[in-house]
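To start, the structure under review is shown below, and the notes come after it.
The model shown is predicted, which means the values in this text are computed figures rather than measured ones. Convention: sequence-line order gives letters A, B, ...; per-chain numbering from 1.
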There are 2 protein chains.
Amino acid sequence: MTGKQFTSVWLREPRKATSPGLSREEIVRASIELLDAEGLAGLSMRKLGAKLGAGATSIYWYVAHKDELLELVYDEVWGEMRLPEPEDVGWRDAASTLAYSMRQVMLRHPWSADLLGRLPALGPNAMRVASGMRRMFRMAGFEGMDVDYAGSTLTAYVYGKTLPEIAWNTSMSAHEYDPDEMRNMVVTAARDYPDMLEGLDMSAYDDVSAIQAVAFDFGLVSVLDGLERRLPA
Amino acid sequence: MTGKQFTSVWLREPRKATSPGLSREEIVRASIELLDAEGLAGLSMRKLGAKLGAGATSIYWYVAHKDELLELVYDEVWGEMRLPEPEDVGWRDAASTLAYSMRQVMLRHPWSADLLGRLPALGPNAMRVASGMRRMFRMAGFEGMDVDYAGSTLTAYVYGKTLPEIAWNTSMSAHEYDPDEMRNMVVTAARDYPDMLEGLDMSAYDDVSAIQAVAFDFGLVSVLDGLERRLPA
DNA sequence: ACCTGAACACCGTTCAAGT
DNA sequence: ACCTGAACACCGTTCAAGT
């Protein structure tokens, strides 16, 4: 309730595109290297400064605070997402490709899961995807606000599905993974809930990522089917 | 790849349910008060200790590290979710009620958005919901792994949709909200993407939460329709 | 069995001062 | 215009010591 207007890096002019010293591009590139290598917790202003051969606080000349830095790297993530022209492949194929691409990008940059859906997505790359997605759903036949509702339904599914995948992956790569131990744990946790085990395919724990892929596709097809049904006749 | 087995608070025996000193219940209750009042960043071991009239490090007797504390409070969140008996109301109504309930709980405890999908959900309350959800989708007619796929599709949608709502809400309550300013910002951000504004209902910014509710329902109906279509004939 | 305090190795951010 | 270093107000966690 208190305080200032909402703002975003993308709504201010950047600090001189000209030469001397650091540049936004360098800072963003170094940040992403740090993030890919060490995760979100690995990106600190001090480490970033060190990596750039600068004082820890020099970055504050280019960026008002760390959140703005995150907005900057966040948009790079959007830059990696592929959305084919819906006019070429039809809206359903375009939507599938986008969804799969979003998932791949998130899995490639696990730290992005902490940013997606939390930070305002007002950067140029995010806008490009958002705009393409609107065209896609318009072409499908959606009208008015339904265009946005359809878009946010699709992205919500992809976030919500991929987020726990990433949490699982990072937890598992930090620990020793043993399928048998895992099966035991599940049985222990479910001891009072026999429902939980009924019909559960325990061999799923032998190749988790294969199951995750199948699960993703199952849901994606369902979501697209559901959206298709809402199209005005 | 390195190190120890995966573990969870819920897989260890708690430290004496008996009397003296602090108890898990007290600690969890105080934590949630702190979280509701100040958000995730407001919960520090020092503040929690102070609130309990104890040294900052006393909590480490009850909990191995902060993440375990978070697992504990996380399960309380699941405890607030409502899932009617699918036998009484039918699977679609039960699924809707659960989805709306999840959204409400998340909006009520915005900090839960940072935990959902990230932390292992092995506590008793999470198990109760998971088990009820399996029964629900089994009753609907799903079989084998499809029961789980359907469940994770539904929860993925609810997370993914509610998460940005929460981010929006917290950002807006930290700033002065002015619909006109907001409309200007959107126009500015979309300056190079005329697609973005076409068919966009600018009056949406006058009552954002109403639009969010409509958007949630649109997507939920779509997801449930899509799932229904996958039922074996 | 339970709690303490000091200590360690970190954080983001501000700001006066330097070039 | 750009960068620095010191300082402030924090973190989570460990551990020897206390009762």
Practice prompt. Using only heavy-atom distances, determine whether the side chains of A:Glu80 and A:His109 contain a donor-acceptor pair under 3.5 Å.
Written response: yes
Worksheet item: Taking only N and O in the side chain of B:Tyr62, is any of them less than 4.0 Å away from OP1 or OP2 of C:dC2?
Response: no
Response to the item:
To the nearest angstrom, the CZ-P distance between A:Arg46 and D:dA6 comes to 12 Å
Worksheet item: Would you say a side-chain N or O of B:Trp61 is under 4.0 Å from OP1 or OP2 of C:dC2?
Response: yes
Practice prompt. Would you mind classifying the nucleic acid contact of B:Ala56 as base, sugar-phosphate or nothing, using non-hydrogen atoms under 4.0 angstrom?
Written response: nothing
Fill in: Sequence-distant partners of A:Asp201, side chain to side chain donor-acceptor pair (under 3.5 Å), two or more places apart
A:Ser203
Discussion item. Rounded to whole Å, please give me the gap between CG in B:Leu52 and P in C:dT4.
Written reply: 10 Å
Worksheet item: A:Ala64 or A:Lys47: which one's nearest nucleotide on DNA chain C is closer to the 5' end?
Response: A:Lys47
Worksheet item: Nearest-Å distance, CE (A:Met45) to C1' (D:dT4)?
Response: 15 Å
Worksheet item: For A:Gly42 and A:Thr57, take the nucleotide of DNA chain C holding the closest heavy atom to each; which residue's nucleotide lies nearer the 5' end?
Response: A:Gly42
Worksheet item: Under 6.0 Å from the CZ atom of A:Arg82, do we count more than 12 heavy atoms belonging to anything else shown?
Response: no
Discussion item. Does B:Thr162 form a side chain to side chain contact (heavy atoms under 4.5 Å, CB included) with B:Leu116? I'd like the steps, not just the answer.
Written reply: CA-CA 11 Å; B:Thr162 309; B:Leu116 247 334; over 6 Å; no
Discussion item. So A:Ser58, base contact, sugar-phosphate only, or nothing? Heavy-atom distance under 4.0 Å.
Written reply: base
Fill in: Interatomic distance at P, C:dA9 relative to D:dA9, whole Å
23 Å
Fill in: Atom-pair distance (CG on A:Leu69; P on C:dC11), nearest Å
14 Å
Worksheet item: How is the base pairing of DNA chain D summarised as a dot-bracket string, given the Watson-Crick and G-U wobble criteria with both distances under 3.5 Å, [ ] for crossing and | for another strand?
Response: ||.|||||...|||||.||
Discussion item. Distance check needed: C:dC3 C1' versus B:Ile59 CD1, whole Å only.
Written reply: 11 Å
Fill in: Lys/Arg N to Asp/Glu carboxylate O, A:Arg128 vs A:Asp75, below 4.0 Å
no
Item to complete: Write down the distance between CD (B:Glu38) and C1' (D:dC10), rounded to a whole number of angstrom.
Response: 13 Å
Worksheet item: Do NZ/NE/NH1/NH2 and the carboxylate oxygens of A:Lys161 and A:Asp217 come within less than 4.0 Å?
Response: no
Fill in: Separation of atom CG in A:Leu43 from atom C1' in C:dG12, rounded to whole Å
12 Å
Fill in: Length of the NZ-P vector between A:Lys66 and D:dC10, whole Å
18 Å
Worksheet item: Would you call the rings of A:Trp168 and A:Tyr177 parallel, tilted or perpendicular if under 30° counts as parallel and over 60° as perpendicular?
Response: perpendicular
Worksheet item: Among D:dT4, C:dT14, C:dC3, which nucleotide sits nearest the side chain of B:Leu22?
Response: C:dC3
